[in-house]
Amino acid sequence: MAKSRLLSLLYPLLLAALFMHGYGQDKKVHIVYMGDLPRGDFSAESAHHSMLESVLGSTLSAKESLIYSYGRSFNGFAAKLSDEEVGRLSEMDGVISVIPNHILKIHTTRSWDFMGFAEGKLSGSQEGNVIIGLLDTGVWPESESFIDTGMGPPPSKWKGTCQGEGNFTCNNKIIGARYYNSENWYFETDFKSPRDSEGHGTHTASTAAGQKVQGASYFGLAEGVARGGVPHARIAVYKVCWSFGCATADILAAFDDAIADGVDILSVSLGAPWPFPYMEDPIAIGSFHAMRYGILTSNSAGNSGPYPYSVANFAPWTLTVAASTIDRKFIASVVLGNGKVFTGLSINNFMLNGTYPLLWGGDAANYSAGADPDIAKYCFSGALNSYIVQGKIVFCETVWDGSGILLANGVGTIMADSEYSKDFAFSYPLPATVITTEDGQQILDYIRSTQNPIATILVGETWKDIMAPSVVSFSSRGPNPISPDILKPDLTAPGVDILASWSPVSPPSIYWRDTRSVNFNIISGTSMSCPHASGAAAYVKAAHPDWSPAAIKSALMTTAYIMDSRKHPDLEFAYGSGHINPLDATDPGLVYDASEADYINFLCKQGYNTTTLRLITGDNSSVCSSTVPGRAWDLNYPTFALAIEDGQPIQECLQGQLKMLGNQIQPTVWVSTCQAVLV
């Protein structure tokens, strides 16, 4: 694994650990989840304050401890608690779980056309009745993607607000905006408002529902018409992510508000780097209550692939979206002094005039900073000697953000890393490209065998990718780590090299100190595929306002394009039911619907008891006949997975699968995993 890959995985874990330990403080933020709102006259804040007062011993301590009182859509609160206080609250009647405030991470001119969805068939007024809520880093409201020309007032069902704080204004496109920060920690670049300083939320919002923008591009690359899936739909912004990440207490507060505000679809492009039980996972909890109010939550599958069991957001009541390529890739070629040309992946908008001296990073070690050739060859920041690097192109043996060469006054970089030269590209703060390790060896041989090696990096271009769509390497894979009988991810959507709107104050490349400014950016991730699915779900909702979340999800899954299994050794664990097909999803034929009762039956078989489920639903008729863990095969789900014990004969597995189905109509999307899932 490349060092950059390792550090990218460790960074959110280190931040999470930092918050979990509260910087040495005794009290840390926790979520106290209590299920559905009690019937009748109920003051959530008063009840939560009383609970805290009984544990903390005084009214003042309770007031200082309470951060959020969840009481609009479900029951619970967030508060600063010591370990002892957590233990006492956990034992109180009515408490389902007490959850630490984990810090989660955030997981187009061509993509909609690629899916055969160049233009929807619904009217603007139909789309305008649908509200998409996005839990993300906020939004840049002045972006062209969010103009409200020709749009009437918000639908009467809208009950939200615009928390502008003086530097943010809503309109008839962005009809609501809120922000949350339970840790009360801000970087100097953060806006204390729903305004987006990271770019991520602006990108996802415009992908899902951005207006058409002519001539959109990234410094002239990928120029065309940018638009969202439902350009006339309304957007409600819930800023839960900041420079440090996304706190789970904030995420649950946003769910509480979004449900009560009246959104129709929730788009959540973030998740945890490890699996939590359903009732200890704020996204699973929030999306469950959203489902009860008729709201489908669309989730990113995560960027921890291609490893098995890495999929995030795997609750059966949510739509879990993998990321796949579109028929466009970004290329930047290297030309050596001997005439050899090597093609790499890079979103390179820079043009070098002529050739420059070519240097191996290991030959420019900054010994005074403690670097030697074995370190300098990776070109990390501070590892290179600027006197040697100045005015040269540097060959590096891994992918990094380009800062090492930039700060050492180099003019460009060629990076060799087969892991990052497969199927997606980054943008850099200087001329750059990423080639395979094998091609890198040829370049290194040229450097070592030539007295004055020279090279140039050509400006980027776009090539047609005839192999698309294929699930990208970083997209998280199944099986489902908690309930292996539920196939996850559910489907795949475009998530590679997606052009969409951007915050102009956020760096336009992977180097965080890149001071250039853009209005559109090209990035990759399941964070990008999720809003494609959210937009498609909103399109179906606009066509069928009375459809349940499960019906919308079923329509998207059963009409998905079939993926080429020959390109995916992990098969359905990579792409689920297939590639999303928004246009056909409005007329799916057969629909696999599921109600709250079906999911309660599922949770019974996951080991939750009657007492807990009655708290979750607020319904005393909710009963589990048994809490013995069982199979999830009777959940009316559009796909079917079968987890078997290691060594169980395949024939026995298949017979059990057929017996379970009986004479029922087989799912449109049939997935047999008898040979693939071992538990």
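Quantities reported herein were computed from a predicted structural model and do not represent experimental measurements.
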Check: [Y] and [X] side chains under 4.5 Å, non-hydrogen atoms:
| X | Y | value |
| --- | --- | --- |
| Glu127 | Pro231 | yes |
| Thr297 | Asn313 | no |
| Gln163 | Ser193 | no |
| Val268 | Ile283 | yes |
| Leu491 | Val321 | yes |
| Ser269 | Pro531 | yes |
| Asn519 | Trp140 | no |

Could you pull out all residues at least two apart from [X] that satisfy side chain to side chain donor-acceptor pair (under 3.5 Å)?
| X | answer |
| --- | --- |
| Trp317 | Ser287 |
| His49 | none |
| Ser73 | none |

Going by the rule salt bridge (Lys or Arg N to Asp or Glu O under 4.0 Å), which residues pair with [X] if we only count those two or more places apart in sequence or in a different chain?
| X | value |
| --- | --- |
| Lys157 | Asp264 |
| Glu461 | none |
| Asp196 | none |

Exercise. Which residue pairs satisfy the disulfide bond (SG atoms under 2.5 Å apart) criterion with at least one member in residues 492-522, sequence neighbours excluded?
Worked result: none
Problem set entry | Close aromatic pair by centroid cut-off 6.0 Å: Phe424 and Phe474 | yes
Exercise. Can the ring centroids of Trp242 and Tyr186 be said to lie less than 6.0 angstrom from one another?
Worked result: yes
For this session: Evaluate the criterion side-chain contact (heavy atoms from CB on, under 4.5 Å) for residue pair Ser324 and Ser529; output intermediate values, then yes/no.
Result: CA-CA 8 Å; Ser324 47; Ser529 59; over 6 Å; no
Once salt bridge (Lys or Arg N to Asp or Glu O under 4.0 Å) is applied, what residue pairs with a partner in [range] remain, sequence neighbours excluded?
| range | result |
| --- | --- |
| residues 285-297 | Asp36-Arg292, Arg292-Glu596 |
| residues 514-542 | Asp514-Arg516 |
| residues 228-255 | none |

Exercise. Can you list every side chain to side chain donor-acceptor pair (under 3.5 Å) pair that touches residues 170-179, not counting sequence neighbours?
Worked result: Arg178-Asp261
For this session: Quick one: sort the Phe77 and His48 rings into parallel, tilted or perpendicular, breaks at 30° and 60°.
Result: tilted
For this session: Name the orientation class of the two ring planes belonging to Tyr180 and Tyr238 (parallel below 30°, tilted from 30 to 60°, perpendicular beyond 60°).
Result: parallel
Exercise. With sequence neighbours left out, what residues match His289 under ring pair (Phe, Tyr, Trp, His ring centres under 6.0 Å)?
Worked result: Tyr33, Phe74
Problem set entry | Short side-chain donor-acceptor distance under 3.5 Å, Ser243 and Glu198 | yes
